[in-house]
2 protein chains.
Amino acid sequence: MSDPTRTTRTAATLHDVAREAGVSLATASRVLNGSTRKVAESYRERVQAAADKLGYTANLSAQATARGTAAIVALLVADIADPYFGQLASGVARGADEAGLVVTIAITERDPQREVRLVRALRGQRPRGLILAASRTDENDAAGLAPELEAFAANGGRVVALGRVAGDIRSVPLDNHAGAAALGARLAGLGYRDAVIVGAAEGIRTSDDRIAGFAAGFGGGGGTVREIVRGGFTRDAGYETGVRLLEDGLAEGTLVFGISDVVAIGIMSAVRDAGRSIGDDIAVAGFDDIATGRDIRPGLTTVRVPLEELGHRALRAVVDEDWDADQAPLPLEVIVRGSTPPRS
Amino acid sequence: MSDPTRTTRTAATLHDVAREAGVSLATASRVLNGSTRKVAESYRERVQAAADKLGYTANLSAQATARGTAAIVALLVADIADPYFGQLASGVARGADEAGLVVTIAITERDPQREVRLVRALRGQRPRGLILAASRTDENDAAGLAPELEAFAANGGRVVALGRVAGDIRSVPLDNHAGAAALGARLAGLGYRDAVIVGAAEGIRTSDDRIAGFAAGFGGGGGTVREIVRGGFTRDAGYETGVRLLEDGLAEGTLVFGISDVVAIGIMSAVRDAGRSIGDDIAVAGFDDIATGRDIRPGLTTVRVPLEELGHRALRAVVDEDWDADQAPLPLEVIVRGSTPPRS
DNA sequence: TTGTATGCGTTATCAA
DNA sequence: TTGATAACGCATACAA
């Protein structure tokens, strides 16, 4: 304020702070941003005082250029309005906060081409890491995602993917197959004999794994998967698929397994709108255990995925130097609620 | 690859591209990143080819240091796992994508102190703008948010807040009061006479406005607000408050207005868990119209807030040069569903 | 421990 | 139109 050389329209720089404190740029840098603390207490105080007075905030971009890497982690999700990704992002954000990183978020809209473009753009930030939460499909490879990721990794960036992926990529293990198998077995044990699976398009690994797992578990328990229908990953896709299924005729006592809770909830609405009842008439199960599943009646039977924890782990995978690649997958738990009453 | 001076572990720089193309740094910069296009076509092509070959991606940090501002918009939300903020963020992300901006997200956890810290940290990115979606409370001012925002604005950053705020701040108008009043009037018209309001802590403007509006509308229609209870903004807060209300005794035919859908849904669960029924016994209404409200039965009566659009507008407010400060607030629409059946 | 000087990848000014 | 070159704000190797 007393310094006429500084205009109000420019944020205080480290230079300003150093001058104000009467020390060198290097010293100011060390006390304010440096990690190795070797500055005399008197200087330290003066610099701090000057920084406070000037309202100094380190210019992260400049820091990043100087250091060659930014304190950023980029998160790619299919749709941030989807509670699945919301909870996941929540865990990522928490971890980032702990690690002193800023989270940059990008929406793929489940478009592989778009995803590649986004990765390319995000690379420009030179983020510490890239977390891919979006469903990886075979199409992605066709769209040229792999080389982009490799380039990023080659430059010192860390790529973390949910579920397993090939290449030089860390991944947070999540055994969709086992979880779905446990669900299928449990429901077979409850007496269900006929099931329809509403999945996403073929090639989406999460969907494929869950379908295969459920079929295995349900079949192993004596049930039969009558049909596998392909829809999308959204609530509306679930609803529409549900409507179609009902039009084609769905016998009483049939179990419909939606590939995710969001889809399952869409199916439930379709069932109700068709005048059928959930549970004794048409049973519905999902996967993920999003909050809504607890609040609807009957409650949605599902497999609990610790999404927040999953996001947090993904972030740790970016940050941790000694990351254990062979860690145990996060525990999945079958939760039976009213949407699949015991069938005698 | 054929160039031995470039190691694999370093991303291609503009310098590399220029050298590869046999042009100057300046020229390369102009064709690749500059806006004013005045480069000979032959050069342009050569530069592009070189960039493609080398897999060049502009270093956004360096760009930001040079330009003094980053192509970033920072978004502050209370909780990204909350569908309210999820949808909002979705709109922001869409707008950012259109404007060529990257979205940085930070979670305030509804902690004013934390919010101030975050704003401070985000300022370091020198983002183009800052969108405050978190509920602004009077405490914020006490925690010193205002000076931080002013400093940001003084340095050319744009602050956008949801709802109205004081100072040199753009805001996306949202008439919570009017929306809640319309809801109250409508419900009074349906025959409800006694209501309890479950709000958030005093000082949270969104909550205060909705409470006041509802009271006005409901009272104007001949109803009486029996009680105003203070809880939180979460589903669990709604649930707990609901439990307490029921324990204290809630007469049949009472209408409970939750300050947001999330809260209202918590209340509904509490009502059901207490063995009471939603609708004819205890009626419940919310605000926001999140997706879940459509999928539960009975459906949740609410006020529809175009959240995605709200987020998009917030981003436009950051970007647009000719922003109309006096634009009409987004239209809010009362949606009556089964949770508030007509009462004769 | 402190300061000087150089570099980080871009942009932008100013000559050519 | 194109090309040197000086910023941009900060980190850091090296010298003092």
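Chain naming here is simple, since letters A, B, ... match the order of the sequence lines and numbering starts at 1 in each. In this text, all values refer to a predicted model and were calculated from it rather than measured experimentally.
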query: Once each nucleotide of nucleotides 9-16 of chain C is scored for protein heavy atoms under 4.0 Å, what B/S/- sequence comes out, 5' to 3'?
result: BBSB----
message: Is it the case that the side chain of A:Asp82 and the backbone of A:Tyr84 share a donor-acceptor pair, with hydrogens and angles ignored and the cut-off at 3.5 Å?
response: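 Yes; at least one donor-acceptor contact below 3.5 Å.
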field: Whether A:Arg110 side chain and A:Ala78 backbone form a donor-acceptor pair below 3.5 Å
entry: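 Not confirmed, A:Arg110 side chain does not pair with A:Ala78 backbone.
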query: Within a strict 4.5 Å, meaning less than it, do heavy atoms of the B:Asn155 and B:Arg126 side chains meet?
result: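 They are not in contact (no side-chain heavy atoms under 4.5 Å apart), so the answer is no.
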Distance (rounded to the nearest 0.5 Å) between B:Ile105 CD1 and B:Leu75 CG: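 Answer for the CD1-CG pair, B:Ile105 versus B:Leu75, is 4.5 Å.
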field: Between D:dC8 (C1') and B:Leu60 (CG): distance, integer Å
entry: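 After rounding, the reported distance stands at 15 Å.
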For atom CG of A:Asp16 and atom C1' of D:dG9, their distance in whole Å: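 Computing the A:Asp16:CG to D:dG9:C1' distance gives 10 Å.
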- request: Check salt bridge (charged side-chain N to carboxylate O under 4.0 Å, His left out) between B:Glu98 and all other residues, then give those that pass, not counting sequence neighbours.
  value: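 Result, salt bridge (charged side-chain N to carboxylate O under 4.0 Å, His left out) vs B:Glu98: B:Arg94.
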